[in-house]
Amino acid sequence: MKKSLIASLMYCTLGLATVCWQCRSSDDPQPQLDWTLKVDTLLTNLQNPWGAAFLPTGALLITERAGNLLLWNPNTGGTPQPISGLPSDIYVQGQGGLLDIQLHPQYTQNGWIYFVAARRTSSQGGNTAIYRTKLQGTQLQDTQVLFQGVPSSTAGQHFGARLTFDDQGFIYMGIGDRGTPQQSQSINNHIGTIVRLHDDGRIPSNNPFVQTPNAQPEIWSYGHRNPQGLFFDTTRRILWAHEHGPQGGDELNRIERGGNYGWPEVTFGINYNGTTISEETEREGMVSPIIHWSPAIAPCGLLIVKGDRYPGWQGDALLGSLVARHLRYLKLNAQGKIQSQERLLDGIGRVRWVGQAPDGLIYVLTETPGMLLKISPQ
């Protein structure tokens with residue numbers, strides 16, 4: 001078996017490294033690509049960066065989990081500017097804090113920026129919430145809370161928190177099981193769900209459980225453990241999500257309206273102490289993953305590549321790996337079936353986010369070390 005990547009350090013400038021990586025198939029000794037990946041380190045010393053969004057100018061908004069929002073322009077460089085005006089109710093606890101961020105698809109017309117954070121409610125702790133706001137210079141204004149999951153909890157794990165828009169303007173956001181796995185099988189709360197809203201927070205009338213007594217009407221799908229990748233594929237019209245399993249059993253899923261994704265009744269993972277969670281890996285009436293990973297890679301961040309900047313990658317998927325510290329490439333066919341997968345940038349760091357700039361270039365955020373990287377072909 002061949003090593004996935006061969007890396008060579010080319011040169012360093014101003015303390016920021018540029019590295020070239022040659023892609024190789026782990027199963028085929030012949031290279032799948034006739035170009036290399038050039039990796040430029042643009043920022044260092046970021047503190048648990050979690051999400052990012054490009055403004056039309058090319059400037060980048062970056063969230064740090066501790067409750068910091070930064071503005072940085074790749075064209076001018078320098079030190080990122082802190083953004084003031086974040087709400088005081090952000091709940092920084094364990095894996096919770098300031099998390100994902102996205103622009104409205106019609107941002108140039110309406111100026112709305114959406115972000116996800118754990119939100120403090122009371123002595124009962126908090127849960128994942130969606131906010132929208134506007135940016136004036138380096139100050140947030142007109143901030144509104146559009147949604148908050150129930151119930152609140154003081155638990156510090158599994159906030160989920162990725163956010164995406166589809167091509168009709170609906171918002172989707174995932175919430176983890178908050179350490180209470182069995183609650184993911186209930187639609188009477190938001191635990192372990194993906195929710196769907198209008199862009200102003202209203203509940204769509206055609207959500208699957210709007211007419212179900214005692215159900216939470218925002219729910220689009222349920223039975224999730226901790227979804228930290230969410231992306232609407234406009235070409236195939238597929239809502240993709242991946243989620244962390246326990247020890248093993250990480251999943252990539254195609255999200256269906258009203259679908260039950262099984263956690264914890266069906267899983268490919270086991271408990272961290274080695275005991276069995278479920279004897280079943282599939283069950284009638286529950287949606288099976290497109291692919292699962294054991295040992296766990298801890299997937300985080302998700303992108304379907306657009307444009308032709310990366311030859312042969314259009315329509316393929318990239319996702320980060322936290323525990324295995326690489327960028328994972330999935331070759332997809334026109335129907336969204338996986339043809340092959342590769343480890344890219346092996347050992348680069350805990351990859352938390354991957355996104356594409358307006359010019360088509362791909363950027364990556366890592367933590368430990370906290371870096372912003374630009375990935376370009378050459």
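Quick caveat: nothing in here was measured; it's all calculated off a predicted structure.
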Discussion item. Working to the nearest 0.5 angstrom, can you tell me the gap between Asn127 CG and Ile191 CD1?
Written reply: 5.0 Å
Worksheet item: Does some side-chain heavy atom of Leu99 sit less than 4.5 Å from a side-chain heavy atom of Thr63?
Response: no
Practice prompt. With the side chain counted from C-beta on, respond yes when Pro358 and Leu55 share a heavy-atom pair under 4.5 Å apart, and no when they do not.
Written response: no
Item to complete: Using the side chain to side chain contact (heavy atoms under 4.5 Å, CB included) rule, take Met173 and Thr128 through it: C-alpha gap first, then chi angles, then the decisive distance, then the call.
Response: CA-CA 9 Å; Met173 191 270 289; Thr128 312; 3.7 Å; yes
Item to complete: Check whether any side-chain N or O of Asn207 sits under 3.5 Å from a backbone N or O of Val210 as a donor-acceptor pair, and report yes or no.
Response: no
Worksheet item: Taking the inter-plane angle between the rings of Tyr172 and Phe232 on a 0 to 90° scale, is it parallel (under 30°), tilted (30 to 60°) or perpendicular (over 60°)?
Response: parallel
Discussion item. Is any side-chain heavy atom of Pro377 closer than 4.5 Å to one of Leu361?
Written reply: yes
Worksheet item: Going by distance alone, is a donor N or O of one side chain under 3.5 Å from an acceptor N or O of the other, for Glu251 and Asn253?
Response: yes
Worksheet item: Around Gln141, counting heavy atoms of other residues, nucleotides and ligands shown, do more than 12 lie under 6.0 Å from its CD?
Response: yes
Worksheet item: Can you find a pair of side-chain heavy atoms, one from Asp200 and one from Leu146, that are under 4.5 Å apart?
Response: no
Worksheet item: So, Tyr131 versus Asp89: side-chain donor-acceptor pair below 3.5 Å or not?
Response: yes
Practice prompt. Kindly determine whether Tyr222 and His190 satisfy ring pair (Phe, Tyr, Trp, His ring centres under 6.0 Å), including the steps that lead there.
Written response: CA-CA 8 Å; Tyr222 65 107; His190 296 112; over 10 Å; no
Practice prompt. Check whether more than 12 heavy atoms from other residues, nucleotides or ligands sit under 6.0 Å from atom CG of Asn75, and answer yes or no.
Written response: yes
Worksheet item: Going through the checks in order, is the side-chain hydrogen bond (donor to acceptor under 3.5 Å, both in side chains) test met by Gln183 and Asn189?
Response: CA-CA 8 Å; Gln183 290 296 316; Asn189 58 61; 2.6 Å; yes
Item to complete: Test side chain to side chain contact (heavy atoms under 4.5 Å, CB included) on Thr193 and Ile219 and set out the steps.
Response: CA-CA 6 Å; Thr193 67; Ile219 294 174; 3.9 Å; yes
Discussion item. Please find the pair of heavy atoms, one from Met371 and one from Ile348, that lie closest to each other, and give the distance.
Written reply: CE-O, 3.7 Å
Item to complete: Evaluate the side chain to side chain contact (heavy atoms under 4.5 Å, CB included) criterion for residues Val116 and Ile101: first the C-alpha distance (whole Å), next the side-chain angles of each, then the deciding distance (0.1 Å), finally the verdict.
Response: CA-CA 6 Å; Val116 179; Ile101 188 167; over 6 Å; no
Practice prompt. Considering non-hydrogen atoms only, spot the tightest contact between Tyr261 and Glu256 and give its length.
Written response: OH-N, 2.6 Å
Fill in: Axial cation check for Phe159 ring with Arg178, 6.0 Å and 45° limits
yes
Fill in: Atom CD of Gln211 with >12 non-hydrogen neighbours under 6.0 angstrom
no
Discussion item. Before you tell me yes or no, could you show the steps for His158 and Asp177 under side-chain hydrogen bond (donor to acceptor under 3.5 Å, both in side chains), namely the whole-Å CA-CA distance, both residues' side-chain angles and the distance that decides it to 0.1 Å?
Written reply: CA-CA 6 Å; His158 300 180; Asp177 69 9; 2.7 Å; yes
Fill in: Closest non-hydrogen atom pair, Ser278 against Pro264
CB-O, 3.7 Å
Discussion item. Check this for me, if you would: do Arg162 and Asp100 make a salt bridge, where the nitrogen-to-carboxylate-oxygen distance has to be below 4.0 angstrom?
Written reply: yes
Discussion item. Distance check, rounded to the nearest 0.5 Å: Leu318 atom CG versus Gln356 atom CD?
Written reply: 8.5 Å
Discussion item. Regarding Gln216 and Asn188, do their side chains bring together a donor and an acceptor under 3.5 Å, going by distance alone?
Written reply: no
Worksheet entry | For the student: nearest non-hydrogen atoms of Phe268 and Pro289, plus distance | CE1-CG, 4.0 Å
Worksheet item: Does the side chain of Trp293 come under 3.5 Å of the side chain of Gln341 through a donor N or O and an acceptor N or O?
Response: yes
Worksheet item: Among Gln47, Arg65, Arg350, which one satisfies side-chain hydrogen bond (donor to acceptor under 3.5 Å, both in side chains) with Glu367?
Response: Arg350
Worksheet item: Roughly how far apart are Ile290 CD1 and Lys337 NZ, rounded to 0.5 Å?
Response: 9.0 Å
Worksheet item: Mind checking whether Thr108 and Pro56 have side chains closer than 4.5 Å, heavy atoms only?
Response: yes
Discussion item. Could you walk me through whether Ser84 and Gln139 satisfy the side-chain hydrogen bond (donor to acceptor under 3.5 Å, both in side chains) test, starting with their C-alpha distance in whole Å, then the side-chain angles of each, then the deciding distance to 0.1 Å, before giving a yes or no?
Written reply: CA-CA 5 Å; Ser84 61; Gln139 171 82 31; 2.6 Å; yes
Discussion item. Salt bridge or not between Arg325 and Asp346? Use side-chain N to carboxylate O under 4.0 Å.
Written reply: no
Practice prompt. Would you check if Leu70 and Leu61 make a side-chain contact, meaning some heavy-atom pair closer than 4.5 Å?
Written response: no
Item to complete: In sequence, state the C-alpha distance, the side-chain angles, and the governing distance for Tyr329 and Trp313, and then conclude on ring pair (Phe, Tyr, Trp, His ring centres under 6.0 Å).
Response: CA-CA 9 Å; Tyr329 167 75; Trp313 278 17; 5.0 Å; yes
Item to complete: Indicate yes or no: at least one non-hydrogen side-chain atom of Trp72 is less than 4.5 angstrom from one of Leu372.
Response: yes
Item to complete: Measure the CG-CG distance between Leu373 and Leu345 for me, rounded to the nearest 0.5 Å.
Response: 8.0 Å
Worksheet item: Does NZ or CZ of Arg120 come closer than 6.0 Å to the centre of the six-membered ring of Tyr91, within 45° of the ring's axis?
Response: no
Worksheet entry | Gap separating the CZ atom of Arg309 from the CG atom of Asp359, nearest 0.5 angstrom | 5.5 Å
Discussion item. If you count every heavy atom of other residues, nucleotides or ligands that lies below 6.0 Å from Glu282 atom CD, does the total exceed 12?
Written reply: no
Fill in: Cluster link Leu103 to Ile62, ILVMFWY, side chain under 4.5 Å
no
Worksheet item: What is the ring orientation for Phe165 with Tyr114, classed by angle as parallel under 30°, tilted 30 to 60°, or perpendicular over 60°?
Response: perpendicular
Fill in: Sidechain N-carboxylate O distance under 4.0 Å for Lys134, Asp142
no
Worksheet item: Can you check side chain to side chain contact (heavy atoms under 4.5 Å, CB included) on Leu230 and Leu239, steps first, answer last?
Response: CA-CA 7 Å; Leu230 196 62; Leu239 179 63; 4.0 Å; yes
Fill in: Presence of salt bridge, Arg283 and Glu265, under 4.0 angstrom
yes
Worksheet item: Does any N or O in the side chain of Lys331 come within less than 3.5 Å of the main-chain N or O of Gly312, such that one atom is a donor and the other an acceptor?
Response: yes
Fill in: Minimum heavy-atom distance Ala296-Val323, with the two atoms named
O-CG1, 3.3 Å
Item to complete: Can you label the angle between the Trp353 ring and the Phe54 ring as parallel, tilted or perpendicular, going by 30° and 60°?
Response: tilted
Item to complete: Measure the shortest side-chain to side-chain distance between Pro299 and Gln228 over non-hydrogen atoms and say whether it is less than 4.5 angstrom.
Response: no
Item to complete: Search all heavy atoms of Ser122 against all heavy atoms of Gln124 and return the closest pair with its distance.
Response: OG-OE1, 2.6 Å
Worksheet entry | Value rounded to 0.5 Å, distance of CG in Leu43 from OG1 in Thr79 | 8.5 Å
Worksheet item: Should we count NZ of Lys306 as having more than 12 external heavy atoms under 6.0 Å?
Response: no
Practice prompt. For the pair Glu243 and His224, evaluate side-chain hydrogen bond (donor to acceptor under 3.5 Å, both in side chains) and give the outcome as yes or no after the intermediate values.
Written response: CA-CA 7 Å; Glu243 60 186 82; His224 301 285; 2.8 Å; yes
